[in-house]
2 protein chains.
Amino acid sequence: MADQTPGTSRAVLEADEAAARAAAGVTEVDARADAELTRSGRDAVVTQRALVRAARRRFATDGYRATTVRQIAADAGVNVALINRYFMSKEGLFEACMMRTSDELDTQTEARASGIAEVIERLVSHAVDSPNGDDPLQLLLLLRSSGDENADRIRRKTMEHFTERLATAAGWHADDAATAPLLLRAQLAISMMLGVVMLRTSAAVQPVASATATELAAPLSQVFTALLAEGHAPE
Amino acid sequence: MADQTPGTSRAVLEADEAAARAAAGVTEVDARADAELTRSGRDAVVTQRALVRAARRRFATDGYRATTVRQIAADAGVNVALINRYFMSKEGLFEACMMRTSDELDTQTEARASGIAEVIERLVSHAVDSPNGDDPLQLLLLLRSSGDENADRIRRKTMEHFTERLATAAGWHADDAATAPLLLRAQLAISMMLGVVMLRTSAAVQPVASATATELAAPLSQVFTALLAEGHAPE
DNA sequence: TCGGTATGTAAACAGGTATTGACTTGAGGC
DNA sequence: GCCTCAAGTCAATACCTGTTTACATACCGA
């Protein structure tokens with residue numbers, strides 16, 4: 001297990017090229033990376049992105065402890081040692097995945113919502129669409145505990161941040177006591193999504209695993225509406 | 001890793017004393033076990049039960065891969081080798097946990113429900129009460145994938161069985177096309193429970209982790225009602 | 001053309017894992 | 001009182017894990 005102070009080292013400096021920018025949380029980075037992609041077949045940024053992509057899929061479906069670095073490297077088509085070269089450790093790679101997920105959730109929820117109906121619709125499609133891709137869908141499964149204290153702290157922060165975003169979109173005001181229950185209700189909505197995604201992807205349990213998006217849309221909308229749009233004290 | 005055909009061996013024959021009976025799924029077994037408990041301080045059934053109890057807790061909270069057999073043995077207060085003696089392997093112990101969970105869910109759902117309201121109330125209390133005990137609450141977390149194909153198959157079967165039980169309690173008839181959506185809705189209710197339990201126990205995410213039972217009861221009842229009691233085609 | 005450097009590779013390391021086998025301890029039958 | 005057999009212990013096994021080290025290869029500026 002790595003030291004508790006993964007602050008500054010040689011490997012970190014080498015990883016900065018993309019990891020630090022990713023931590024900054026700008027999607028513009030991706031464009032720049034794609035531009036640099038044309039440089040040659042040996043591109044550190046490209047392999048780092050491939051590693052993160054493969055890692056997210058594995059971490060989401062199999063959990064942190066169950067996925068091996070060799071699996072990730074094989075999925076990404078690169079050598080195992082590059083994980084430690086670019087991310088310092090398996091935990092570092094996990095944190096990078098977390099950062100990216102946090103950023104994606106941010107950009108998704110910060111998009112101006114015209115109303116609670118649109119928010120609900122977006123939640124439904126988020127929980128239902130494309131269960132096998134590496135879309136933001138599976139990223140919720142990153143909430144699985146990793147056994148590492150630092151990564152778990154980030155994970156918790158990400159979740160709570162997401163909760164507040166959703167609650168705000170549903171009309172929650174931090175200083176208004178009347179809307180306080182909305183925070184809890186927003187998290188229950190997230191729990192609902194979490195459960196559905198889990199049963200559809202990680203465990204392939206019927207019938208929800210093979211249910212179509214249209215079949216799921218109606219009951220899920222009902223649930224989210226019951227949680228966010230009615231039954232609580234409005235302003 | 002163990003062979004794919006754990007059919008007959010010496011260890012299995014020794015384990016039969018309790019494992020096979022547990023597989024039969026009769027609660028009467030427990031009474032007999034408690035009777036035999038008075039035989040002496042060295043009772044195989046007692047240690048087996050202790051192992052299963054400790055294993056369920058560990059598997060539920062930490063996941064399959066993350067828990068070590070030494071941890072389980074230490075929790076149960078017995079020697080590590082006894083796991084292999086009585087359950088043939090770590091996987092065997094996991095399967096035994098699964099069987100027992102399946103049985104408990106059965107006895108819980110097969111208890112005559114006076115109506116959908118009672119079923120909902122029972123679901124709420126199941127998802128909310130006593131998050132730290134080894135009650136049926138955490139057992140839902142056994143749905144975590146174990147990496148083993150056989151255990152995962154049992155896991156899936158258990159879930160689907162539980163789904164059908166719940167759907168039946170909500171008025172579902174296998175031959176009635178009008179009530180078909182109830183099966184999916186029942187599983188969504190289970191997904192909701194799964195998400196809540198996960199956020200409350202494994203990941204300790206605020207505010208749902210520290211929310212009281214009464215705070216959670218209202219919105220959860222709303223969700224379960226929306227899923228099971230209204231909005232679908234009644235008979 | 002020639003180093004120097006970033007990138008990738010292969011083999012090995014130390015630690016932990018589940019599992020196995022031989023051994024010891026205890027209780028009951030003759 | 002010995003003998004048998006189940007119940008439990010201990011140490012060694014082979015394997016897999018994440019990580020590191022030393023080495024190869026491609027790119028790029030001088």
Report the C-alpha separation of Ser191(B) and Gln187(B) in whole Å, then their side-chain angles, then the decisive distance to 0.1 Å, and conclude whether the side chain to side chain donor-acceptor pair (under 3.5 Å) test is met.
CA-CA 6 Å; Ser191(B) 303; Gln187(B) 203 158 71; over 6 Å; no

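We find that CE of Met88(A) is positioned 11 Å from C1' of dT19(D), with the value rounded to whole Å. Between Asp43(A) atom CG and dA26(D) atom P there is a gap of 16 Å when expressed in whole angstrom units. The CZ-P distance, from Arg49(B) to dA7(D), rounds to 16 Å in whole Å. The distance between atom CG of Leu51(B) and atom P of dT9(D), rounded to the nearest whole Å, is 11 Å. Asn84(B) places its CG atom 8 Å from the C1' atom of dT20(C), with the value rounded to the nearest Å. Counting to the nearest Å, the P atom of dA7(D) and the CD atom of Gln48(B) are 8 Å from each other. Remark: P of dG18(D) and OH of Tyr64(A) are 8 Å apart, rounded to the nearest angstrom. Phe87(A) has its CZ atom 18 Å from the C1' atom of dT20(D), to the nearest Å.
Put simply, Thr47(A) has a side-chain N or O that comes within less than 4.0 Å of OP1 or OP2 on dG8(C).
Nearest to the side chain of Ser89(A), among dT19(D), dG8(C), dT19(C), sits dT19(D). Residue Tyr86(B) places its side chain closer to dG8(D) than to any other of dG8(D), dG8(C), dT19(D). Which of dG8(C), dT19(C), dG18(D) sits closest to the side chain of Val80(B) comes down to dT19(C). When distances are taken from the side chain of Thr68(B) to each of dA18(C), dT19(D), dT9(D), the shortest belongs to dA18(C). Counting only heavy atoms from C-beta on, Val69(B) has its side chain closest to dA18(C) among dA18(C), dG8(D), dT25(D). Of the candidate nucleotides dA12(C), dT9(D), dT20(D), dA12(C) has the atom lying nearest to any side-chain atom of Arg70(A). Checking dT21(D), dT7(C), dT9(D) against the side-chain heavy atoms of Leu82(B) singles out dT9(D) as nearest.
In this structure, the side chains of His161(A) and Arg165(A) come closer than 4.5 Å at one or more pairs of heavy atoms. Leu188(B) is not listed as a side-chain neighbour of Leu199(A), based on a closest heavy-atom distance of 4.5 Å or more.
A salt bridge is defined here as a Lys NZ or Arg NE, NH1 or NH2 lying under 4.0 Å from an Asp or Glu carboxylate O, and Arg58(B) with Asp75(B) meets this definition.
Applying the side-chain contact (heavy atoms from CB on, under 4.5 Å) test between Phe87(B) and each of Leu82(B), Val69(B), Leu93(B) identifies Leu93(B) as the sole match.
Where Ala66(A) and Asn79(A) meet DNA chain D, the nucleotide closest to each residue was compared, and Ala66(A) sits on the side nearer the 5' end.
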